[in-house]
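The structure appears below as structure tokens.
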Amino acid sequence: MSVHSSADKRHAQSLVRRMRNRRVKSQVHTSARKFLEAIKAKDQAAAAECLKNLQAELDSAKSKGVAKANAVSRKKSRMSRLFNKTFAKAE
């Protein structure tokens with residue numbers, strides 16, 4: 001136990017925020033994995049849908065302060081570039 005009750009409250013808040021941040025990060029990682037699986041399977045429609053979902057998840061994480069803006073921009077750019085590179089010859 002801490003001396004100050006406010007320290008206990010701050011610790012409890014930090015645990016709640018930590019779990020919330022982990023949940024958001026997990027959703028982003030799952031979306032990225034599904035996108036990469038669709039790319040590997042050469043399924044353009046599924047990959048496009050997964051990319052759209054991944055970008056929405058990344059923007060959500062950025063707005064919640066879980067991910068930094070530059071990291072989100074970099075991830076979105078790399079995934080978009082991978083999508084375009086993979087399916088450029090198909091069109």
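Numbering of residues begins at 1 and proceeds along the displayed sequence. These numbers were taken from a predicted model, which means no experiment stands behind them.
Nearest heavy-atom pair, Ile39 versus Ala47, reported as atom, atom and distance to 0.1 Å: CD1-CB, 4.1 Å. The minimum heavy-atom distance between Ala38 and Ala46, with the atom names listed, is CB-C, 4.0 Å.
Checked by atom type and distance alone, the side chain of Asn84 pairs as donor or acceptor with a backbone atom of Ser80 at under 3.5 Å. The main-chain N or O of Ser73 is never found under 3.5 Å from a side-chain atom of Ser77 such that the two would form a donor-acceptor pair.
Under the 4.5 Å side-chain heavy-atom criterion for ILVMFWY residues, no single connected hydrophobic cluster contains both Val66 and Leu54.
Under the 4.5 Å side-chain criterion, counting only non-hydrogen atoms from C-beta, Phe35 is not in contact with Asn53. The shortest distance between side-chain heavy atoms of Met79 and Leu36 falls below 4.5 Å. Side-chain contact check for Lys76 versus Asp59: some heavy-atom pair is nearer than 4.5 Å.
Atom CD in Gln44 sits 11.0 Å away from atom NZ in Lys42 (nearest 0.5 Å). Put simply, CG on Leu15 and CZ on Arg20 are 12.0 Å apart, with the number rounded to the nearest 0.5 Å.
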Contacts table for residues 23-32: side-chain donor-acceptor under 3.5 angstrom, sequence neighbours left out:
residue: Thr30; atom: OG1; partner: Ser26; partner atom: O; Å: 2.9
residue: Ser31; atom: OG; partner: Gln27; partner atom: O; Å: 3.1

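The salt bridge (charged side-chain N to carboxylate O under 4.0 Å, His left out) contacts involving residues 27-38 comprise Arg33-Glu37, where partners must be two or more places apart or lie in separate chains. Contacts classified as ring-ring contact (aromatic ring centres under 6.0 Å, His included) and involving residues 59-85 (residues at least two apart or in different chains) are given here: Phe83-Phe87.
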